[in-house]
Amino acid sequence: MKRSKIKLEEITDVENCKRAILHASKRKRRRSNVRHILEHIDEYAEKLRAFLMDEKAEFSEGIYEIINEGTNKKRRELCKPIFFPDQCAHWAIMQIVFPVLEKSFDRYTCASIKGRGTHYAKRAVERFLKDTKNTKYCLQIDVKSFYASIDKGILTELLRRKIKDPRIVGLLAKVITAYKNDGLPLGWYTSAPLANFYLTGLDRYIKHNLRVKYMVRYMDDVVMYGSNKRHLHRARVKIAEYIERRRRCRLKANWQVYRTPYDNGKGKITTQRATDFVGFKFYRYKTTIRKSIFLRLTRLMRRLWKGYNIHRAYAFMSYRGYVMSTDSANVSAKYIDGKISVKTVKEIIRNESRKQIASYGKASIA
């Protein structure tokens, strides 16, 4: 692995620290402590620089919060970092380190990468399914408690192989070990890029060693297609061995190998089993919304019928993206067309953006 030659001085550069404070403050500028830091950004950029350069400085663990996520109310533990210096330091580090990590990502590694979200993964799966000969079967796997199962020692060693400057590796090691529980915390800006980087070896192993032609990974959720069912079963066994031996992780027991929709010989494409991935259900020649996403969409629509606000506006535009990019004309006709004013929603978001830009400008001038 070729090591990057980035230097600690790039992270501790005052201009990089300023940008980090501005990025970290997005959607937080109504808080009094954040406003104070932005009004004195030059002073705090110097303080952030000194903090990053101080070998004895320690990151705090953050504030824990339990949330119930999704329609199934899955309990997750969030760890919110203190805004200054911790969160700002996370941004300062990742603004320099992330481009280096990104170079090692596979083309179809998705999640928390600019331009590679759910819709990027969706387009990839749709493109794969056009090759009917080599996508007869699908293998879906998921890593059990992925963030919590990440081995901090292995992650630090992987970073040491990637980054030449030991001072940057030491700084990243301080961030990783600041979280006292196992693995990486949900809620830190550093966690998603480092978690994605942790499985880059798996991507190469699947593509080159196991010779799986079609594969998409969205963080720890992996979808693979092949023409041979036995080949996918063998691949699943070898993947389980690889991540347990090399990454100290385990696959969930809910892995699946199944037949994708196919032509039954009578001119009809069977639809008894679709690929359920990144919020969509993929059939051979159409894509629909996952049922849990659809339920959240209908609940949001009912709230929007009662009144608009910025949070509902952002959520609506996100869900509208699901509807507009799938074969969901009936959903749009029933819940959106003539009932929700898209123009009004966009105007609410524009007004909020103007406020953010104005705040950003004042902070830049200060």
Side-chain angles (χ1 to χ4, degrees), residues 1-26 44-45 47-62 79-107 109-117 146-147 150-179 183-204 217 219-220 247:
M1 183 186 291
K2 188 176 180 180
R3 294 201 292 175
S4 171
K5 295 180 180 180
I6 56 172
K7 298 290 185 182
L8 180 65
E9 286 74 18
E10 296 176 54
I11 294 174
T12 58
D13 179 72
V14 173
E15 290 303 316
N16 183 58
C17 291
K18 281 186 183 180
R19 287 197 306 274
I21 293 170
L22 290 170
H23 282 302
S25 67
K26 286 181 180 178
Y44 279 92
K47 288 182 179 180
L48 181 58
R49 180 176 182 273
F51 175 80
L52 291 165
M53 292 180 68
D54 186 358
E55 293 182 2
K56 296 182 179 179
E58 296 292 335
F59 290 86
S60 61
E61 192 172 359
C79 183
K80 296 182 178 180
I82 296 170
F83 177 74
F84 192 90
D86 293 34
Q87 193 171 17
C88 295
H90 294 169
W91 272 90
I93 295 166
M94 279 301 151
Q95 283 173 171
I96 304 302
V97 171
F98 180 73
V100 173
L101 302 183
E102 189 177 16
K103 289 178 182 178
S104 63
F105 293 164
D106 182 78
R107 179 184 176 185
T109 296
C110 308
S112 301
I113 306 170
K114 189 176 181 180
R116 296 203 210 173
F146 176 50
Y147 271 64
I150 290 173
D151 187 290
K152 296 177 181 181
I154 292 175
L155 177 56
T156 305
E157 180 57 32
L158 290 172
L159 290 167
R160 190 173 288 113
R161 294 179 193 173
K162 187 67 180 174
I163 300 169
K164 193 171 185 179
D165 191 336
R167 297 172 299 171
I168 295 179
V169 177
L171 185 60
L172 285 165
K174 285 202 295 186
V175 174
I176 293 166
T177 55
Y179 181 63
L184 298 179
L186 286 170
W188 288 19
Y189 182 62
T190 53
S191 293
L194 293 175
N196 244 334
F197 176 68
Y198 193 70
L199 289 183
T200 51
L202 176 63
D203 297 334
R204 290 190 290 272
R217 178 169 67 83
M219 197 56 75
D220 63 313
R247 297 294 183 266

(message) salt bridge (charged side-chain N to carboxylate O under 4.0 Å, His left out) for Glu157 and Arg161? Distances and angles first, verdict last.
(response) CA-CA 6 Å; Glu157 180 57 32; Arg161 294 179 193 173; 3.6 Å; yes
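- Considering only heavy atoms from C-beta on, Arg167 stays 4.5 Å or farther from Met53 through its side chain.
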(message) Working note: Glu10 + Lys7, criterion salt bridge (charged side-chain N to carboxylate O under 4.0 Å, His left out); need CA distance, chi angles, decisive distance, verdict.
(response) CA-CA 6 Å; Glu10 296 176 54; Lys7 298 290 185 182; over 6 Å; no
(request) Please lay out, stage by stage, how Phe105 and Asp203 fare under the test side chain to side chain contact (heavy atoms under 4.5 Å, CB included). (result) CA-CA 8 Å; Phe105 293 164; Asp203 297 334; 6.0 Å; no
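- In this structure, the separation between CG on Leu171 and CD1 on Ile11 is 6.0 Å, given to the nearest 0.5 Å.
- For the residue pair Arg49 and Asn16, no side-chain donor N or O sits within less than 3.5 Å of a side-chain acceptor on the partner.
- Rounding to the nearest 0.5 Å places CE of Met94 at 5.5 Å from OG1 of Thr190.
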(message) Is there a side chain to side chain contact (heavy atoms under 4.5 Å, CB included) between Tyr147 and Asp220? Walk through the geometry before answering.
(response) CA-CA 9 Å; Tyr147 271 64; Asp220 63 313; over 6 Å; no
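- What you find for Phe98 and Ser112 is that their closest heavy atoms are CZ-O, 4.1 Å.
- Proximity of a side-chain donor or acceptor of Ser191 to a complementary backbone N or O of Pro185 within less than 3.5 Å is detected.
- Ring planes of His23 and Trp91: parallel class, angle under 30° (limits at 30 and 60°).
- For the atom pair CD (Gln95) and CG (Asp13), the distance works out to 10.5 Å, reported to the nearest 0.5 Å.
- Within the 4.5 Å cutoff, the side chain of Tyr198 has no heavy atoms near those of the Leu184 side chain.
- Counting heavy atoms from C-beta on, the side chains of Ile6 and Asp165 never come closer than 4.5 Å.
- Using a 4.5 Å cut-off on side-chain heavy atoms (C-beta onward), Ser25 and Phe83 make contact.
- Ring centroids of Phe59 and Phe51 are separated by less than 6.0 Å, placing the two rings close together.
- Atom CZ of residue Arg204 and atom CG of residue Leu199 lie 11.0 Å apart, to the nearest 0.5 angstrom.
- Here the side chain of Lys47 pairs no donor or acceptor atom with the backbone of Pro85 at under 3.5 angstrom.
- Looking only at side-chain heavy atoms (C-beta outward), Thr156 and Leu172 stay at 4.5 Å or farther from each other.
- No more than 12 heavy atoms of other residues, nucleotides or ligands sit less than 6.0 Å from atom NZ of Lys80.
- Using a 4.5 Å heavy-atom threshold, the side chains of Leu194 and Leu159 count as touching.
- Inter-residue side-chain proximity for Ser4 and Ile168 is flagged as unmet; no heavy-atom pair is nearer than 4.5 Å.
- Between Trp188 and Ala178, the shortest heavy-atom contact is CH2-CB, 3.9 Å.
- Considering all non-hydrogen atoms of both residues, Ile96 and Val100 come closest at O-CG2, 3.9 Å.
- Arg217 pairs in a side chain to side chain donor-acceptor pair (under 3.5 Å) with only one of the listed residues (Asn196, Asp106, Thr200), which is Asn196.
- When all heavy atoms are compared, the tightest approach of Tyr189 to Pro193 is O-CD, 3.3 Å.
- In plain terms, the two heavy atoms of Met219 and Ala111 that are nearest each other are N-CB, 3.8 Å.
- Across every non-hydrogen atom of Phe84 and Leu48, the tightest pair is CZ-N, 3.8 Å.
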